[in-house]
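Just the heavy atoms: all of them, side chains too, but no hydrogens, waters or symmetry mates, feed the values below. These numbers were taken from a predicted model, which means no experiment stands behind them. Every chain is numbered from 1, with letters handed out A, B, ... down the list of sequences.
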Amino acid sequence: MLVAIARRLLSTLITLFGVAVVIFVILRLLPGNAITASLGVSAGLLSHAQITQLDHFYGIGESPVSQFTSWLGATLTGNLGVSLSSQKPVAGMIAQALPVTLELGIMALAIGVLLGVFFGVAGALRPGHIGDLAGQALALVGLAVPSFVLGTALVTFMSSTFHYFPSSESYAGLFANTWLNLQQIFFPACVLGVGIAAAIMRTTRAAVLEINTQNFVRTARGKGVSERAVVWRHLLLNALVPIVTMSGIQLGYLLGGTVIIEEIFVLPGLGRMLVTAINNRDFPVVQSVTMLFAAGFVVINMLTDVFSAVIDPRSKDR
Amino acid sequence: MSSGSPVLSIGALEVGVRRRRGSQAIVRGVSLSVAAGEKVGIVGESGSGKSLTMLAVLGLLPPGLDILAGRVEFAGEDLTKAAPVRLRQIRGAGVAMVYQDPMRSLNPLLRVGYQIVEALRAHGYDARDARRRTTEVLGMVGLADVERVSGSFPHELSGGMLQRAMIAMALAASPKLLIADEPTTALDVTIQQQILELVASLQAQTGMAVVWVSHDLGVVAQLVDRVAVMYAGRIVELATTRRIFQRPSHPYTAALLGSLPRPGTQHRGTLQQIGGRPPDPASAEQGCPFRPRCKYATERCAAEPVLSVRGAEQQAACWLEPGSWST
Ligand SMILES: Nc1ncnc2c1ncn2[C@@H]1O[C@H](COP(=O)(O)OP(=O)(O)OP(=O)(O)O)[C@@H](O)[C@H]1O
Ligand code: SF4
Ligand SMILES: [Mg+2]
């Protein structure tokens, strides 16, 4: 199994490298460059000498390969560059925004997994009953309604009914003002969590339905084990691999989801930082945040695979 | 023949698909009782309803199938009316079951020993006693390396070892009745014989009653006192093992006997020698279900015969007069 994990690790690294190349190339293909981005229209007023000087400063004239390697090298050593618009180090900006996004993501995932697993199991144990049909209908809605619609609707509702405006108070840190912070994070987490719950509910329901027909579950019931133990030790334990895999996939989507939700709920997380940076052509920030999202996605994927291998004893022999 | 009060008494049991209008029965009016310590065989072709009958006893029918009518009494208590909690107490401790496919009958993610401990914990054993009893029963079923088996995951053991472990699990809470549903069909022939002998010796040691389900009359005959022959969801003949072999009273039983392997030959005859195919027990055909394949069929057989007495220890469901035909 260690060999399998090592192999998985290697393929993860290769994927990450590929992601770095893609991000680098896409950003070079966008019109404009670091000079026009930082100076805007006034870049047209620069003299030839000034342009050459700035080209040299930003490394624009160099070959793409050496630009890439120097960027990658700097990134790996933790030097993410300086934001073109705010002139602050990108690493510091990320350090500030990351906890917000992490908290939002973890809370959304927790809400999604709890609701999804609960309704999935409940539905699978009584398929076709009213509760199951209602759960499935809700899941369909949850999957069909995009989170920006749900988020906007929720903000509109909250502001018109409770006169609560997400933007009225500035963001409170988790440890600075825990109660206010949880209030600020809870609603956007719910919006994101609904979509996750829908996907996890369907996965759980299908898995439990299938496992429930397997002989070993009949054996467990046949030896007099309580129904609760049958659900936990036999149905859910065996459904864990598909549930965790689906959670990993949802966590990946979540990274994208936070971009929109943070914008709607005015949370100073990575997603909002990315949107602002793209609008400002702030390449160093865009590069670093995109890279971080991609790395997060790939690492989550790897972790779910490793987890599946660890809980299934049959995988040790493969 | 049975003596003493029955541990298991099945009466007019109907199992099938429940529909709002006209339910579809698969097991049709099966009645059978098993006395304490008695060994009974249930024999029939694949699809004749043997498993459904046995699963109905413990309320373990697959989703979509229900007991439509009849009763299942364990030591005088009707299990079809028992509360779920009561049914759980009887499962494993009153009636235990060993299944057809040992490879799929254990949870693949839990160690074998733990799964036996789990069975014991469900019946009031504390953790220490459960572990001690697990070691004991694994030893009883003739597993050499108890520690290793106990710590293994199911996929790490052979089919024969797993079936022994399954039998150990069934024995663990000292049931009064062991139902063995074709426990050897997934195993190779030498292991089949070992498992059969194992159950025979465990039965002798513990005095529990055994119901052994098989499609092979030759196999059950080695073990059981009485045989119930099932066809298309019904019991068509019920007699002592001796009577079944000496004087079968149903043409289907006779055909089964005709397809037993002859001593000294390796060839194992199959029921295909009867000709025709076994019927779908759910089919709505009227009359004797065996009629399409029966060489003695007459017009009378357009009505379905009921199980009737053919002698002291024998019942059969056939219109033929006893002794009016020979095998
Ligand atoms: N879940 C189910 N839903 C509907 N019909 C079923 C179901 N399970 C079994 N049956 C039908 O019930 C009939 C009897 O099945 P059963 O499993 O009791 O046969 P069996 O005598 O045990 O056969 P085998 O020797 O193959 O185990 C079969 O014809 C089968 O098609
Ligand atoms: S009742 Fe008729 S068809 Fe049925 S087994 Fe007897 S003789 Fe054959
Ligand atoms: Mg069967």
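Put simply, the side chain of A:L138 does not reach to within 4.5 Å of the side chain of A:M201, judged on heavy atoms. The closest side-chain heavy-atom distance from B:L157 to B:V149 is below 4.5 Å.
Identified by a heavy-atom distance below 4.5 Å to chain B, the contributing residues of residues 222-237 of chain A are A:G222, A:K223, A:G224, A:V225, A:S226, A:E227, A:R233, A:H234, A:L237, in residue-number order. For residues 102-122 of chain B, the interface with chain A (any heavy-atom pair closer than 4.5 Å) comprises B:R104, B:S105, B:L106, B:N107, B:P108, B:L109, B:L110, B:Y114, B:Q115, B:E118, B:A119, B:A122, sorted by residue number.
In this model, a donor atom of one side chain and an acceptor atom of the other lie less than 3.5 Å apart for A:T101 and A:E262. B:D78 and B:T80 form a side-chain donor-acceptor contact under 3.5 Å, judged by distance and modelled atom types alone. Between B:R18 and B:Q24, the side chains place no donor N or O within less than 3.5 Å of an acceptor N or O (distance only, hydrogens not considered).
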Evaluate side-chain contact (heavy atoms from CB on, under 4.5 Å) for B:H215 paired with B:E45, printing each intermediate quantity in order. CA-CA 5 Å; B:H215 54 252; B:E45 278 166 290; 6.0 Å; no

Let me see the working for B:T184 and B:L196 under side-chain contact (heavy atoms from CB on, under 4.5 Å), right down to the final yes or no. CA-CA 8 Å; B:T184 60; B:L196 193 76; 5.6 Å; no

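Salt bridge present: A:D305 and A:R8 bring a charged side-chain N and a carboxylate O closer than 4.0 Å. The pair B:D126-B:R128 does not count as a salt bridge, with every side-chain nitrogen at least 4.0 angstrom from each carboxylate oxygen.
Neither the backbone nor the side chain of B:I90 has a heavy atom closer than 4.5 Å to any heavy atom of chain A.
Heavy-atom contacts from other residues, nucleotides or ligands closer than 6.0 Å to CZ of A:F119 number 12 or fewer.
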